[in-house]
Amino acid sequence: MQYQYQEIENKWRKYWAENKTFAAEDNSVKPKYYVLDMFPYPSGAGLHVGHPLGYIASDVYARYKRLLGFNVLHPMGYDSFGLPAEQYAIQTGQHPAITTKMNIEGGVDKQGNVIPGYRNQLDKIGFSFDWDREVRTSEPNYYKWTQWIFKQLFNSWYNKDADKAEKIDTLIEQFKTKGNAAVNAVCDDVAVFSATDWNSWSEEQQQQLLLNYRIAYLSDTWVNWCPALGTVLANDEIKDGVSERGGHPVEQKLMRQWSMRITAYAERLINGLEGLDWTDSIKDIQRNWIGKSVGASVKFAVHNSQSSNKSLQTENCGLKTDFIEVFTTRPDTIFGVSFMVLAPEHDLVDVITTAEQKSEIEAYKKAASLKSERDRQSDIKNITGAFTGAYAIHPFTGDKIQIWIGDYVLATYGTGAVMAVPCGDQRDWDFATHFGIEIKNIFKDKDISEAAYTEKDAIITDSDFLNNLPAKEAIKKAIAEIEKRGFGKGKTQYRLRDAVFSRQRYWGEPFPVYYKGDVPYLINDANLPVVLPEVDKYLPTEDGQPPLARAKNEDWNVTCPGDRMEYNTMPGWAGSSWYFLRYMDDHNDNEFVAKEKVNYWKNVDLYIGGAEHATGHLLYARFWTKFLYDLGYIPFDEPFQKMINQGMIQGNSALVYRVMLHVEVAFKNSSENIIIPTRRYCFISKNKIESYHKLILLIPNSIQNEIIDEEINKKETTINSDYNSINIKVDNVTSGYADVNFLNGNKLNIEQFKKWRDEFNDAYFILEDSGDFIVDREVEKMSKSKYNVQTPDELVDKYGADTLRCYEMFLGPLEQHKPWDTQGITGVHGFLKKLWRLFHDDNGFVVSDETPTQEELKSLHKTIKKVKEDIERFSFNTPVSAYMICVNELTAQKCNKRAILEPLLIILAPYAPHIAEELWAKLGNTESITYAVFPKYNEAYLVESNHKYPVSFNGKMRFILELPTTLTAAEVESEVMGNEQTIKQLGGQTPKKVIVVPNKIINFVV
RNA sequence: GCCCGAGUGGCGGAAUUGGUAGACGCGCACGACUCAAACUCGUGUUCUUACGAGUGCCGGUUCGACUCCGGCCUCGGGUACCA
């Protein structure tokens, strides 16, 4: 009886859907387990075999946990706002909601392309998702709550004393009664004001001031503007100076934008990593991205400078003058400071530059401003700068030190100014050397004539009170002294910037915001969601406003209480920063998630997805989680406890070698020669390419004759004349792609290939001696343009979902990148057929109730043990071989006993659920195997009476000696010493030492 | 440059705490079944004629190293004047 996988799989898919087999229980006494896949964006291209890799692994784990008695939450949904749908909408005029829906549910698009639909593709693979909990970020009932969370962020500030976010009301209360002097907040630079000041201000002034404190705030910031996409981009959306999507250039632009004060959470985002079970690599990426530096901020007075600009002046050490504030991680080297460098954009540059240096500085500033961010980065070796003519006063020595500007100092980091210590910093050393500035050496016995000494292990010298201290102690002492004398303090600096939160695009969440003048106000909760209005075009307006500016006030579903609605939309990461919470309670109309549900489900136990979200989604989701925790809405402050990053499945492209033949056949009729030129492709099989490569101009006569015959035959029917001559010119050998779906192994199906393109129709093929056409292979990214895309659908049709699931797992460790190769899939399919045959003979189902043998029990129990241990350490590939070994052994033992096969089905069910359900039912079970009990392995069955000792000489195994496991080390030694193979190996020598590890190994040292 | 990760047969990979390197599968070869092919089943398959050698390279620790330590090479990922 044959294994009819299609029939079986359709049957159980239907059963699971009808019975809601995978519905998670909200009020369960069972322990919970939350398994989540990273939120997919439903693209029109659909799934290729790389996408489900992580889903299969998480599904295996979810099913395994159910067998252990856990109440498992395993949901799926769509991150359905995004650029591709919008770009498509711009091209076709079709509303992105329509195309998005089609991408999920399938259909035929405007151009007549069949869209398979994500959901249909996912369903075919037999995932145990609880589909009743599906969410889509672009649905108003979902983004209502994204808007609600935005409102909480707007209505909050970060209290550094409590080290958490608080409601803005607590801040306003303080302003009203005490002003801001005592407020310790993460905020923009705000001048000190009193309660009287505050109370005297207008509503508008108060609102503008509060924006400096809000966690979601509006400000004029330098943003990454991408003209091609018509929107700003966050730092994590830019790779190598161009946009991650599309690779368009990005420029800096000052714009009024929404931002998120994620910097308030910098320290907690670093510290929180420690408790997470993530790879070190992702943790490192996040740590580096946040970029914590510990040091001191120090103020250097500018000599003889009292600018008219009061805001630049500060009072310090009794001096009222202009100060340059710098941040340094090496305050221990302060006596090595021999000059200072400001970024060209620094506010003080114009103030302090002397008349005689003015023109040089102006020229330098201009040159620097013309350089793009990218040029500045790529031009590192070229040292540039200019002297301002001004001097700073060294706070300890009182020495006058030159103030320079240079574009190696970044305006956006720290204070935009550095104290230059050329002996201890390579860039400062390079700068000083280039411009001939003095280099002081403050390191004992270190040579700095060739380069700076950047290690932190030197002893400090020539540094007054820091002399003879090692760097670490000197840093502490220097900070203490700087603080004591009042010109600076210990400080921690982060590289992380606040995240720009608005996008000038249509297909995203509208902000629940309206404006009165320039002041933003929130739409009431009762009026949420603010629904995305219809617009005539998805493009910016003529005067450069975002597409939503095309909607008139009355086009919105809410009445605008002010002058206008917000025209920006939220970025892609808004909806994905909290979606894991919504799955717990996706139908709730009153709350984003009910307290009792989030208290039960808590955070995600296992999160599987790509590593490419390290600095985006994974950082933002952690930020929002911490924020919601601070406000008491959720009981945990990390969203994803354990994460596995699956590797990319690469395509295995098929390359065909080809030359173009220019064939000119001349025909002669009574009066003239008619030359019919044609072009024909000649494809050359892989192993023939070497011989033809050299003979490029000498296509063998036999082939020429064949072509001539073919051409004559063709032409004779159309031209009434005689063949005269033929001339064939041959181009160089090139390679092109063949669609991998035309292959059987590496053999090309020539008929399919010929039909693929009209111009291949009359192509000539040079075959292997065997008569096959063999393609060359190349591993590269899986993509449509390389014709190496393999969809799961085709494989499910050909081998079944169980085979695909097992095979994707069998390919190798989940985390590793690996090329896709369908050749191996037959082996896995064969294994399932073999399993089927354990239960069936030619006449049908045959399972016996006989008592199993020791050998059969051993095969089963070692498999139970291995599978359990492997799944628990997330080694998803190795259980598949364990199943294969078990089935191979049981086949050899001709075992068809229920007592063995029934538990085997349970442990196999996470990987091959359809066949497991079918055989489980055939054994007489009436309930789904999903909630069966994972069998316990019994150590007793695994005990051996004999051990096969490998006998090694100097660590090299030479023969195997089987001895009872009960022997002591001494008994083993005497046994092995008397063995004739030992005597032969020793050849008369006396071993120096014999090592016996009972039931492991024997090793002779000779 | 700096920070991570990885290098094992023709290929994907296995070896969980240092203890038989190459499990399992593919591919390949041979054989059986068949008029034949496909399917299926069986046998073999790291290299070497052998002695032996062998987990990127060099060295170390150990009775014993794919596994631990030091130095290097190659590939992949991150980051890039971050003071």
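Heavy atoms only: backbone and side chains are in, while hydrogens, waters and symmetry mates are out. Since this is a predicted model, take the numbers as computed values, not measurements. Here is the naming used below: chain letters follow the sequence lines, and residue numbers restart at 1 for every chain.
Annotation: B/U45 and B/G60 have their P atoms spaced 35 Å apart (nearest Å). Going from the P atom of B/A14 to that of B/C30 covers 31 Å, rounded to whole Å. With both ends at atom P, the span from B/G77 to B/C72 equals 23 Å, rounded to whole Å. Taking the P atoms as reference points, B/A23 lies 15 Å from B/G12, given to the whole Å. For the P atoms, the distance linking B/G56 with B/G52 amounts to 24 Å, nearest Å. For the C1' atoms, the distance from B/G18 to B/A65 is 6 Å, rounded to whole Å. Distance noted for atom C1' between B/C66 and B/G13: 14 Å (whole Å). Using C1' as the reference atom, B/U46 and B/A21 are 10 Å apart when rounded to the nearest Å.
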Once Watson-Crick and G-U wobble pairs under 3.5 Å are found, how is RNA chain B written in dot-bracket notation, 5' to 3', with | for any base paired to another strand?
(((((((..(((......[....)))((((((.......))))))((....))..(((((..]....))))))))))))....

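Looking at the side chain of A/Leu410, the nearest of the listed nucleotides B/A21, B/A83, B/C3 is B/A83. Counting only heavy atoms from C-beta on, A/Tyr413 has its side chain closest to B/C82 among B/C41, B/C4, B/C82. Nearest to the side-chain atoms of A/Arg495 among the listed nucleotides B/A80, B/G27, B/A83 stands B/A80. Here the nucleotide nearest the side chain of A/Val997, chosen from B/U40, B/U79, B/G19, is B/G19.
The ring pair (Phe, Tyr, Trp, His ring centres under 6.0 Å) search around A/Phe335 returns A/His394, A/Phe396, A/Phe465, not counting sequence neighbours. Qualifying ring pair (Phe, Tyr, Trp, His ring centres under 6.0 Å) partners for A/Tyr494, counting only residues two or more places apart in sequence or in other chains: none. Residues that satisfy the ring pair (Phe, Tyr, Trp, His ring centres under 6.0 Å) test with A/Phe953, not counting sequence neighbours, are A/Phe1004. A search for side chain to side chain donor-acceptor pair (under 3.5 Å) contacts involving A/Asn749 returns A/Gln752, not counting sequence neighbours. Not a single ring pair (Phe, Tyr, Trp, His ring centres under 6.0 Å) links A/Phe831 to another residue, sequence neighbours left out.
The backbone N or O of A/Arg497 sits nowhere less than 3.5 Å from a side-chain atom of A/Thr263 that would complete a donor-acceptor pair. Under a 3.5 Å cut-off, the side chain of A/Lys489 and the backbone N or O of A/Ile479 do not form any donor-acceptor pair.
The interatomic distance linking A/Asp407 (CG) with B/A83 (P) rounds to 18 Å, in whole Å. The CE-C1' distance, from A/Met957 to B/G22, rounds to 13 Å in whole Å. Spacing between atom CZ of A/Phe953 and atom C1' of B/U20 amounts to 14 Å, rounded to whole angstrom units. To the nearest angstrom, C1' of B/U20 lies 14 Å from CD of A/Glu962. Put simply, CD on A/Glu815 is 14 Å from C1' on B/G77, counting in whole angstrom units. Atom CG in A/Asn645 sits roughly 15 Å away from atom C1' in B/G76 (whole-Å rounding). Regarding A/Leu832, its CG atom lies at a distance of 17 Å from the C1' atom of B/U40, rounded to whole Å. A/Asp428 has its CG atom 12 Å from the P atom of B/A83, to the nearest Å.
For A/Glu274, the CD atom counts as loosely surrounded, since its 6.0 Å shell holds 12 or fewer non-hydrogen atoms of other residues, nucleotides or ligands.
Annotation: of the two residues near RNA chain B, A/Met419 and A/Tyr807, the 5′-most nearest-nucleotide partner is A/Tyr807. A residue-by-residue look at A/Ala882 and A/Ser281 shows that A/Ser281 has its nearest nucleotide of RNA chain B further toward the 5' end.
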Atom pairs under 3.5 Å: protein N/O with N/O of nucleotides 46-52 of chain B:
none

For nucleotides 7-18 of chain B, give me every protein contact, N/O to N/O, under 3.5 Å, one pair per line with atom names.
unit_1: B/G12; atom_1: O2'; unit_2: A/Leu811; atom_2: O; d: 2.4
unit_1: B/G13; atom_1: OP1; unit_2: A/Gln816; atom_2: OE1; d: 3.0
unit_1: B/G13; atom_1: O3'; unit_2: A/Asn877; atom_2: ND2; d: 3.4
unit_1: B/A14; atom_1: OP1; unit_2: A/Asn877; atom_2: ND2; d: 2.8
unit_1: B/A15; atom_1: OP1; unit_2: A/Arg873; atom_2: NH2; d: 3.2
unit_1: B/U16; atom_1: O4; unit_2: A/Lys866; atom_2: NZ; d: 3.3

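Residue A/Ile825 is classed as having no contact, given no heavy-atom separation below 4.0 Å to the nucleic acid. If you check every strand for non-hydrogen atoms under 4.0 Å, A/Arg497 touches nothing. In this structure, A/Asn888 reaches the sugar-phosphate backbone alone: every heavy-atom distance under 4.0 Å involves primed, P, OP1 or OP2 atoms, never a base.
Here the options are A/Ile460, A/Ile482, A/Val421, the test is side chain to side chain contact (heavy atoms under 4.5 Å, CB included), and the partner is A/Ile334; only A/Ile482 passes.
Listed pair A/Arg287 / B/U79 fails the phosphate criterion, with no side-chain N or O lying under 4.0 Å from OP1 or OP2. Phosphate proximity of B/G19 to A/Asn999: absent, as no side-chain N or O sits under 4.0 Å from OP1 or OP2.
With contacts defined as side-chain heavy-atom distances shorter than 4.5 Å, the pair A/Glu808/A/Phe876 does not qualify.
Closest heavy-atom contact between A/Phe443 and A/Gly424: CE1-CA, 3.8 Å.
Using modelled atom types, one finds a donor on one side chain and an acceptor on the other under 3.5 Å when comparing A/Asp428 with A/Tyr408.
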How does protein reach along nucleotides 61-70 of chain B, written 5' to 3' as B (base within reach of a heavy atom under 4.0 Å), S (only sugar-phosphate), or - (no contact)?
--BS------

Per-pair distances, 0.1 Å, donor-acceptor, side chain in residues 882-892 of chain A, under 3.5 Å, sequence neighbours excluded:
unit_1: A/Tyr883; atom_1: OH; unit_2: A/Ile907; atom_2: O; d: 2.6
unit_1: A/Asn888; atom_1: OD1; unit_2: A/Lys834; atom_2: NZ; d: 2.7
unit_1: A/Asn888; atom_1: ND2; unit_2: A/Met884; atom_2: O; d: 3.3
unit_1: A/Glu889; atom_1: OE1; unit_2: A/Ser859; atom_2: OG; d: 2.7
unit_1: A/Glu889; atom_1: OE1; unit_2: A/Lys862; atom_2: NZ; d: 3.4
unit_1: A/Glu889; atom_1: OE2; unit_2: A/Lys862; atom_2: NZ; d: 2.9
unit_1: A/Thr891; atom_1: OG1; unit_2: A/Val887; atom_2: O; d: 2.6

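For B/G9, the glycosidic angle deviates from 0 by 90° or less, giving a syn base.
Under the 30°/60° scheme for interplanar angles, the aromatic rings of A/Tyr413 and A/Phe327 are found to stand perpendicular.
Applying the salt bridge (Lys or Arg N to Asp or Glu O under 4.0 Å) rule to pairs touching residues 325-339 of chain A yields A/Arg330-A/Asp332, sequence neighbours excluded. Residue pairs that meet the salt bridge (Lys or Arg N to Asp or Glu O under 4.0 Å) test with at least one member in residues 413-427 of chain A, sequence neighbours left out, are A/Asp425-A/Arg427.
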